[in-house]
Each structure stands twice: as C-alpha cells, then as structure tokens.
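First the structure, in the form of structure tokens, and then the observations on it.
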Number of protein chains: 2
Amino acid sequence: MATIKDVAKVAGVSIATVSRVINQGEKVNQKTRDKVRTVMQQLGYRPNANAQALVTQKSKTLGVVIPELTDPFFALLASGVEAIAKEMGLQLLLSTGTGSAESELDALNILLDRRCEAIVMHSKHISDQKLQQLLGQNPGLVLIDRYIPEVQERCIWLDNIEGGRIAARHLLSLGHKCFACISSEYDIEDPQLRLQGFVETLNEQGISKGTVAVSMATPNQQGGQSATQELLATGQPFTALFAYNDAMASGAISTLEDNGIRVPEDVSIIGFDDVILASFTRPKLTTLKYPVEEMAAQAAQLALMHLDGEVTTMQTEMKHLPSLIRRASCARLR
Amino acid sequence: MATIKDVAKVAGVSIATVSRVINQGEKVNQKTRDKVRTVMQQLGYRPNANAQALVTQKSKTLGVVIPELTDPFFALLASGVEAIAKEMGLQLLLSTGTGSAESELDALNILLDRRCEAIVMHSKHISDQKLQQLLGQNPGLVLIDRYIPEVQERCIWLDNIEGGRIAARHLLSLGHKCFACISSEYDIEDPQLRLQGFVETLNEQGISKGTVAVSMATPNQQGGQSATQELLATGQPFTALFAYNDAMASGAISTLEDNGIRVPEDVSIIGFDDVILASFTRPKLTTLKYPVEEMAAQAAQLALMHLDGEVTTMQTEMKHLPSLIRRASCARLR
DNA sequence: CTGAAAGCGCTAACAC
DNA sequence: GTGTTAGCGCTTTCAG
C-alpha cells in the first residue's frame with residue numbers, strides 16, 4: 001500500500017506538504033494541493049490510521065464491551081454507542097466478554113491496548129472494587145447497566161426496583177389480585193431488584209409475600225416456557241404474571257396458550273426491556289421499556305466528556321427509569 | 001500511560017529486552033524476565049497496539065461493514081465475523097454504511113485506513129464494477145450476501161431463487177392452490193430473486209402467473225401488515241402466503257388474525273431468514289433459514305486466507321442454500 | 001542473553 | 001508556502 005513518501009515522491013513535494021493536504025488545515029498552494037490530491041488518487045493512497053494514532057496520540061476510536069451481539073438487547077446497546085461514534089467521526093471497536101470477570105477483563109484490556117478515546121462497558125462479573133480501580137486508571141471509561149455508589153458519576157443505570165414497582169402498580173390498577181413471577185436464575189442483581197420492587201409494592205397493597213409464586217429459569221424464551229410450566233404445576237392460581245424480560249414473557253405466552261389459558265383474557269403478562277421481540281408476540285407485549293440505546297449513547301458521550309477532563313457533571317440524569325409500554329398482553333380483571 | 005521506555009528505565013534494562021518479554025518469543029533470562037514482568041505490573045503497562053501495528057504491519061484487526069446493528073439479521077452477520085475474530089485473536093472493527101453507495105464506501109474506507117487484516121462487507125448499493133475494483137485492490141476483502149460472477153471466489157452468497165423454489169414446493173406439497181406474496185419494495189436483487197423462484201415453480205405446476213397476487217412494502221413488520229391489508233383489499237382469495245422475510249410474515253399474521261383469518265387453519269404463511277423473531281410469533285413461523293452467521297464466519301475465514309495469498313480455493317461451497325424450517329405457520333390445505 | 005540503532009507512516013514544530 | 005527534522009511506541013536486525 002502506498003505511503004505518504006510515495007505520494008510525496010511522485011508529486012515532487014515533501015511529505016510535510018502531503019501531510020498538510022491530508023489534514024486540510026494549513027494553507028497549501030492551490031496548485032500543489034491539486035497536484036498532491038491527484039497523485040493520492042492515482043496511487044489509491046489512504047493515510048495509515050495506526051500511524052496517525054501513534055503520532056497524534058488520538059486513536060479516533062470508541063470502544064464498547066458487551067456479552068454478545070446476538071442478543072437484541074446488547075445489539076441495541078452497541079448501536080447506541082455506534083451512533084455517537086459516527087456522530088463524532090470515531091471508529092467503533094467492539095469487544096465481547098461473557099460469563100466471567102476474566103473474560104470481561106480481557107475484552108476491556110484489548111480495547112485499552114488500542115488506546116480508545118473512550119469505552120462504554122457492560123460488566124456483570126467484575127467486582128465493584130476492581131471496577132473502581134479500573135475507572136480510576138481510565139478516565140474515558142464508563143459503566144452502563146451497573147451502579148456503584150462510590151463512582152456513580154461514571155455509571156449510567158436503570159432503576160430496576162422502580163421497574164418492578166411500575167409493573168406491580170399497573171397490574172394492581174387493572175384489578176388483579178393473584179400474582180406470579182418468572183425470573184432469571186442468573187446470579188446478577190437485576191432479577192432480584194426487579195422482583196424486589198414488584199413484591200414490595202404488592203405487599204404495600206396488602207398482598208402477602210407468600211402469595212406470589214416465583215419460578216426461576218434461564219432468561220430466554222425456553223426458560224420462560226419451563227418456568228411457566230413449573231408455575232402451572234404448582235397449581236397456585238394467578239391472573240397476572242410479571243416476567244424478567246420479554247423473551248421469558250414470550251415463552252410464557254406460548255405455554256399458557258398451549259394449556260388453554262388465554263392471554264390476556266385469563267392471564268395478563270408484563271415483560272421487561274421492550275426489545276424488538278415485544279411487538280412480535282401475539283398478543284403484543286405490554287412491557288417496561290429499558291431505553292438502552294439512548295442510555296448507551298449517553299454513556300458514550302459521558303465517556304468522551306470525562307476524557308476531555310470536563311469536570312462539569314452531566315446535566316442529564318444518570319439513573320434512568322423504565323417506562324410502561326401498554327400493548328395487548330394485559331387486561332382488566334373481569 | 002506508561003510506555004515501553006518507562007518500563008525499561010524502571011527495570012534497568014533496554015527497551016529491546018522489554019519488547020522481548022512482551023513477545024514471549026526469544027529467550028530472556030528468567031530473572032530479568034521476572035523483573036520486567038513485575039515492573040510492567042506495577043506500572044500498569046500495556047503495549048500500545050497502534051505502535052505495534054505500525055512496526056509489524058499487522059493490525060490484528062478484522063473489519064465488518066453492515067447497514068445497521070439493530071437489525072437482528074445483521075447482528076447475526078456481525079456475530080459470525082466476531083466469532084472468527086475471537087478465535088484468531090483479532091479485534092473486531094465494525095463500521096456501518098446504509099442506503100447509498102457513498103455511505104457504504106465510506107464505511108469501507110474507514111476500515112481500510114485501519115489496515116484491517118481482512119474485511120467482510122455487506123454491500124447492496126455499490127456497483128458490481130466498483131466492487132470488482134475494490135476487491136482487486138484489497139486482497140483481504142470479501143463480499144457477503146452478494147454474487148458477482150467475475151469475482152465469485154470472493155463472494156459468499158445465498159441462492160435466493162432456490163429459496164423461492166423451496167417455499168413454493170413446500171406450499172404445493174401441502175395441497176395449496178391459491179397463492180399470494182408480500183415482498184420488499186426496496187430496489188435490490190433479493191426480493192426479485194425470491195419471488196422469481198417462487199413464481200417460476202408455481203408456473204411449472206400449472207399455476208398461471210396472473211393468479212398469484214403480489215404486494216410490496218417496506219420489509220418490516222409494519223410493511224407486512226400494510227402489504228397484507230392491501231392483499232385483502234383486492235378480494236383475491238389465497239390460502240398460502242410467501243413473505244419476503246420473517247418480519248413481514250409476522251406483520252401478515254397480525255393483520256390476518258385481526259381480520260378473523262386464522263393462521264395456519266385458513267392461511268399458511270412462510271417466512272424467510274429464520275432470525276430470532278421467527279420463534280416469537282404465534283404460531284411460530286415456518287421459514288427458510290438463511291444461515292448468515294455461519295456464512296459470515298466463512299467469509300471472515302476466506303478473507304483471512306486470501307490475505308495469506310493462499311491460492312487454494314476453499315473446500316466449502318460459496319453458494320449457500322436456505323433450508324426449510326418447519327414450524328407452525330403452515331398447514332395442509334383442508 | 002542483552003543493548004544499540006534503524007525505521008514503521010505520520011504529524012508538528014521550526015526554519016527558510 | 002514548503003521543506004527538514006525530530007519523534008510517537010514499538011519490533012527487529014546486528015553486534016557484543
């Protein structure tokens with residue numbers, strides 16, 4: 001591949017001049033500029049971004065670490081970061097880390113090696129302590145979907161408890177009295193928090209804790225089915241079901257209907273996330289929207305700000321609230 | 001951030017030695033190695049990948065260009081490339097280009113600037129000619145979801161015509177006689193090809209062309225709904241419906257059922273792609289699986305091979321066939 | 001086994 | 001305006 005030297009030689013100028021026309025900035029004589037441009041064209045020259053990064057100490061790169069791309073939720077997250085990257089003229093570097101602190105750390109380190117301007121990280125397995133250390137060392141690093149009080153100015157997160165509360169209030173307002181939940185068996189905070197908010201709110205309305213049946217499984221459609229199956233097997237009646245996420249809710253719909261239980265006529269279901277799937281179920285899912293794409297974009301901007309050493313706190317809230325999306329899977333109790 | 005010099009200084013060795021311990025390779029005295037390792041640790045040193053890329057002429061980077069991450073189909077595509085990246089110890093660079101040749105070209109150029117080892121590109125708007133030129137200039141570039149005869153050894157593609165044929169045969173085998181299609185109004189080859197295969201096969205079985213109603217719309221759930229609406233409005237009867245993709249098929253199900261037409265009892269529907277959505281509809285979609293993740297992985301491997309100048313053609317087929325996934329949206333005509 | 005030195009492709013003073 | 005030169009952080013001969 002042609003280098004700046006080749007261009008300079010063919011154009012009969014110094015590499016400095018070529019550099020100047022690349023970077024538009026400084027005034028270069030119209031004639032020489034044209035000449036250089038022509039040569040760059042015919043040589044198919046493209047400046048080496050790695051070399052530029054090295055000398056300018058700017059990689060023009062934005063990193064994001066997520067567990068996996070195939071999960072629509074994380075695709076949305078990545079997309080939010082990508083939007084800011086495009087807006088700022090940065091290249092997106094995507095790194096996946098799943099299942100373990102080590103894997104997540106590897107993903108981050110790879111990004112760090114590239115000297116990304118900023119990094120948005122989704123981590124569920126690295127300890128609070130380690131994360132704090134990491135944040136301390138890397139000004140351009142921001143956490144998403146995680147809340148650590150000590151470094152809250154570097155966290156963009158969702159109020160999961162409030163999500164559970166909203167779900168409960170909605171179901172309550174529809175007249176429901178018998179509740180059940182299907183939740184994720186994964187050992188992370190989110191499921192507990194959502195459940196906590198849900199149950200607490202119910203309790204406040206005089207519905208005793210023992211009354212609401214809870215079943216755990218993997219947080220996908222499959223898991224939704226088996227968890228619902230299990231719920232049904234207990235024989236405990238319910239007319240309202242709160243699912244950990246939309247995928248589980250979808251599984252619940254299948255299983256319920258397969259058992260002759262109509263949604264929402266017999267049972268109302270409420271999901272969580274509002275990923276694309278939510279409008280593909282039938283009935284369409286009433287769910288709690290997790291504005292992850294917007295949050296990811298905000299996280300990217302925040303990361304970029306911290307990088308510039310802007311001390312000013314963000315005007316916008318770092319804690320986000322899920323919002324109720326009313327579709328067709330919930331109905332008033334008859 | 002600490003550099004190799006810092007490490008060398010603190011460890012009391014030359015940078016060459018530090019470099020050696022970074023790259024494992026050459027023998028370094030156990031003692032000095034340990035010393036250097038310790039210093040790297042305490043300084044939090046991480047080698048600068050940009051500098052390494054510059055000097056070694058290897059970026060250890062794998063690029064992919066797609067229209068957008070939020071479309072599950074393209075997320076899958078990216079995921080396939082990502083899998084190979086991880087396997088080969090490469091970093092994934094993702095670049096989006098949508099809607100126009102210019103935008104797609106920009107996305108590619110950005111990746112080229114980074115000197116990716118290889119690039120998998122999804123392009124629908126750049127001309128065959130331009131693409132051929134690009135492939136000529138960049139040995140590590142491979143096209144996915146596109147077929148250009150002149151450079152077929154650099155294309156990984158799906159036989160869309162055969163997809164249409166398979167759909168037709170399946171519906172025919174179920175006893176259907178009245179067909180309709182909803183297709184994409186976008187001006188790319190795929191919709192035409194799928195339709196062509198479908199209609200041709202029907203014709204071969206004596207079903208005249210004029211008989212099968214076709215309605216176009218945007219290739220998403222919304223479009224599926226409006227296209228189906230339009231179909232219904234014509235009053236032309238049909239018991240089998242071939243949709244351009246799963247999203248449109250999902251829209252069709254909604255609209256049909258909302259009009260009191262049951263799926264699959266009254267109308268059988270077949271989709272295309274088999275993205276995650278396909279199992280979220282109710283009934284679950286019978287569809288043609290587009291093995292895009294596998295294809296993307298293959299494309300990445302192919303790109304990496306070409307890079308190494310390996311002249312040997314791939315053992316595996318570059319043309320892929322969609323496969324019929326039988327679920328619940330199709331039934332025998334009664 | 002280790003160090004000195006050249007250079008990857010480019011930018012940014014600093015001269016002219 | 002344009003050229004010269006000194007690096008950016010690292011790898012890689014080549015000596016020793």
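Letters A, B, ... are given to chains in the order of the sequence lines, protein chains preceding strands, and every chain is numbered from 1. Basis for what follows: all heavy atoms, side chains included, without hydrogens, waters or symmetry-related copies.
- In this structure, CD of A/Gln30 is placed 11 Å from P of D/dT2, rounded to the nearest angstrom.
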Sort me out a list of protein N/O and nucleotides 5-9 of chain C N/O pairs below 3.5 Å, or just none if empty.
unit_1, atom_1, unit_2, atom_2, d
C/dC8, OP2, A/Lys5, NZ, 3.3
C/dC8, O3', B/Gln57, NE2, 3.2
C/dC8, O2, B/Val55, N, 3.4
C/dG9, OP1, B/Gln57, NE2, 3.1

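- Under 3.5 Å, the side chains of A/Gln129 and A/Gln133 contain no donor-acceptor pair of N or O atoms.
- Residue B/Val13 is classed as a sugar-phosphate contact, given heavy-atom separations below 4.0 Å to backbone atoms only.
- The closest side-chain donor-acceptor pair between B/Asp128 and B/Gln132, if any, does not fall under 3.5 angstrom.
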For residues 80-89 of chain A, dump all side-chain donor-acceptor pairs below 3.5 Å to protein atoms at least two apart in sequence or in another chain.
unit_1, atom_1, unit_2, atom_2, d
A/Glu82, OE2, B/Thr96, OG1, 2.6
A/Lys86, NZ, B/Thr96, O, 2.2
A/Lys86, NZ, B/Thr96, OG1, 3.1

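- Here D/dG1 presents its P atom at 11 Å from CZ of A/Arg20, a figure rounded to the nearest Å.
- Inspection of the B/Thr70 and B/Glu68 side chains reveals an N or O donor paired with an N or O acceptor under 3.5 Å.
- At whole-Å resolution of the value, CG in B/Asp34 and C1' in C/dC1 are 15 Å apart.
- Summarising the geometry, the separation between NZ on B/Lys9 and C1' on C/dG3 is reported as 16 Å, rounded to the nearest angstrom.
- Contact check, B/Thr17 against C/dG3: a side-chain N or O comes under 4.0 Å of OP1 or OP2.
- No more than 12 heavy atoms of other residues, nucleotides or ligands lie within 6.0 Å of CD in A/Glu189, so this atom counts as exposed by the packing criterion.
- Counting to the nearest Å, the P atom of D/dG9 and the CE atom of B/Met40 are 17 Å from each other.
- One can place CD of A/Gln24 at 14 Å from P of C/dA12, the figure rounded to the nearest angstrom.
- Side-chain atoms of B/Glu294 and B/His320 include no donor-acceptor pair closer than 3.5 Å.
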